[in-house]
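Below is one structure; the comments refer to it alone.
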4 protein chains.
Amino acid sequence: MTEEYAASKPIYIQIADRIIREIVRRELNLGEKLPSVREMAIQSGVNPNTIQRTYSELERKGIVETRRGQGTFVTEDEEVLIVLNERMQQEVVGQFVRNMKELGLSKTQMIESLRNYRESQDGEE
Amino acid sequence: MTEEYAASKPIYIQIADRIIREIVRRELNLGEKLPSVREMAIQSGVNPNTIQRTYSELERKGIVETRRGQGTFVTEDEEVLIVLNERMQQEVVGQFVRNMKELGLSKTQMIESLRNYRESQDGEE
Amino acid sequence: MTEEYAASKPIYIQIADRIIREIVRRELNLGEKLPSVREMAIQSGVNPNTIQRTYSELERKGIVETRRGQGTFVTEDEEVLIVLNERMQQEVVGQFVRNMKELGLSKTQMIESLRNYRESQDGEE
Amino acid sequence: MTEEYAASKPIYIQIADRIIREIVRRELNLGEKLPSVREMAIQSGVNPNTIQRTYSELERKGIVETRRGQGTFVTEDEEVLIVLNERMQQEVVGQFVRNMKELGLSKTQMIESLRNYRESQDGEE
DNA sequence: GTGGTCTAGACCACA
DNA sequence: GTGGTCTAGACCACC
């Protein structure tokens, strides 16, 4: 009854992360307009307030700019993107190292394992 | 139409994964007895039914054996362990490669990035 | 009907500013517990959500720390206070200079005017 | 019991203050005619009644004179201007001193702080 | 109790 | 139309 296994991030963060990923992957271009708060709320099936929070969060991080009465736009500052990319790399690599360590592998073994990896098996089970 | 963002894995799977990790890391030895369903339920703070499902899942994968009236034991089949380890490695590496590709990195860059990685907290294991 | 003269800051910012002032003036001590969200909401006559926002804002600025289940506390980091004080001084001086310039005074005249000032007249009209 | 945080000055006072500032800075000369109530209302985007109150307020203070059928004029009494300027200076300095005291500064420190102040945007006037 | 998140619905300012 | 703020009321996780 104590819960400890749900632990899913807040929705407004999940959506923010999704948008960040889309920007990093260039599915959203620099300067591009995001859907309005209300529209995105409908698309995402959440309350407009939740999206509002998402956009605020993104603005706080300098990833988007909002122009009153006009909308919310991906920043045009290329530098932000670069930093974002680096930070996400750090995160992915960190997660990887932690996971592999848990399996008892050394750094050298990780690199070896990575080198040998041939994408092929995509089936989960 | 509302729910869509909770989506964290089922608890019984999360617990199964935790046990698997403990086996792979030799914190649980081959042939060792697992806590009883009731005891594990208390330890984990979940309903016994949930643990029952966890154990069934592990048995289905050949990772544990249930002996009526005695309890649940980690398999003694060394081979299972090896396969398990490999499969988990594949999974971790696969996830890593997918993530890094999403960030636009080539295989060579991934290895480089991994090589350069210095974790913040170095003294873990 | 276009409004341009209201321009009062959002309530949640006004309350945050008030708290900051109290901290700077040492009416609130470092490490001291703030009223709970609900209590402060009642005291201030606003919705708890508004206070929640206030506290979030203060935390974002590193001025308070929140401990889940315990409450919200003024940071114990003395450094934050010093920076805060400096920033507010800058603001006050800046406002003063702007106002005096508007009255057509030079920097030298401002200093002279300040030097000659004897507190006495407090009546507004 | 709810309202308490809007509290920005009445519009008619805001406009009066603006006009006073323009007079003090000689952007409006002694004896000069002010725009008609209707015209000023349009310029300012407010209701003519509001401007009417503004002009009344200014007249009450002896700053403007209304001549039936001709319009509203800045007073020609130089003395008024001087007094006005002094009073506004007193007010600005008083406010400044109060603010700085609240931050724990002595008179000497205030002067020092003012002397050291370098505005960001220097080229204003 | 505490803070954190979310919904539903409203009003405002800006363009 | 846009984003920004606010209320009312709810549920959650943590202590």
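Predicted, not measured: the structure shown is a model, and the values here were computed from it. Chain letters run A, B, ... following the sequence lines, proteins first and then strands; every chain starts at 1.
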Original post:
Under a 4.0 Å N-O cut-off, is there an ion pair linking D:E102 with C:R26?
Top reply: no
Original post:
Heavy atoms, side chains only, cut-off 4.5 Å: are C:K33 and C:T72 in contact?
Top reply: no
Original post:
Is the distance from OP1 or OP2 of F:dT7 to the nearest side-chain N or O of C:T50 less than 4.0 Å?
Top reply: yes
Original post:
To the side chain of A:E59, which of E:dG4, F:dG4, F:dC15 is closest?
Top reply: F:dG4
Original post:
Side-chain contact, heavy-atom cut-off 4.5 Å: C:N29 with C:V74?
Top reply: no
**OP:** Answer yes or no: does a side-chain N or O of A:S36 lie under 4.0 Å from OP1 or OP2 of F:dG1?
**Re:** no
Original post:
Does a side-chain N or O from C:Q52 land closer than 4.0 Å to OP1 or OP2 of E:dG4, or not?
Top reply: yes
**OP:** Could you walk me through whether C:R98 and C:Q95 pass the side chain to side chain donor-acceptor pair (under 3.5 Å) test, one step at a time?
**Re:** CA-CA 5 Å; C:R98 245 172 293 128; C:Q95 185 63 49; 3.1 Å; yes
Subject >> Rounded distance in Å - CG (A:N49) to P (F:dT7) >> reply: 13 Å
Subject >> Along DNA chain E (nearest heavy atom to each residue), the more 5'-positioned of C:G69 and A:G69 >> reply: C:G69
**OP:** May I have the step-by-step check of salt bridge (charged side-chain N to carboxylate O under 4.0 Å, His left out) for A:R53 and A:E59, ending in yes or no?
**Re:** CA-CA 10 Å; A:R53 246 181 133 171; A:E59 179 159 41; over 6 Å; no
**OP:** Classify the side chain of A:R38 versus the base of F:dG1 as yes if they form a donor-acceptor pair under 3.5 Å and no if they do not.
**Re:** no
Original post:
Would A:E22 and A:R25 pass as an ion pair if we require N to O under 4.0 Å?
Top reply: no
Original post:
In whole angstrom, what separates C:I42's CD1 from E:dT2's C1'?
Top reply: 14 Å
Original post:
How does DNA chain F look in dot-bracket notation if pairs are Watson-Crick or G-U with both distances under 3.5 Å, crossing ones as [ ], other-strand ones as |?
Top reply: ||||||||||||||.
Original post:
According to a strict under-4.0 Å criterion, is C:T66 in side-chain N/O contact with OP1 or OP2 of E:dG3?
Top reply: no
Subject >> A:E65 CD to F:dG4 P, straight-line distance once rounded to whole Å >> reply: 12 Å
Subject >> Side-chain N or O of C:Y12 closer than 4.0 Å to phosphate OP1/OP2 of F:dC6 >> reply: no
Original post:
Expressed in angstrom and rounded to an integer, what is the separation of C:Q14 atom CD from F:dT5 atom P?
Top reply: 12 Å
**OP:** Rounded to the nearest angstrom, tell me the gap between atom CZ in A:R53 and atom C1' in E:dG3.
**Re:** 11 Å
**OP:** Check the distance between E:dT5's C1' and C:R68's CZ and give it to me in whole angstrom.
**Re:** 9 Å
Original post:
What nucleic acid atoms does A:S56 come within less than 4.0 Å of, heavy atoms only: base, sugar-phosphate, or nothing?
Top reply: nothing
Subject >> Sequence-distant partners of A:T75, side chain to side chain contact (heavy atoms under 4.5 Å, CB included), two or more places apart >> reply: A:E65, A:D77, A:V80
Original post:
Between F:dT5 atom P and A:I51 atom CD1, what is the distance in whole Å?
Top reply: 17 Å
Subject >> Rounded distance (Å) that lies between atom P of E:dT2 and atom OH of C:Y55 >> reply: 10 Å
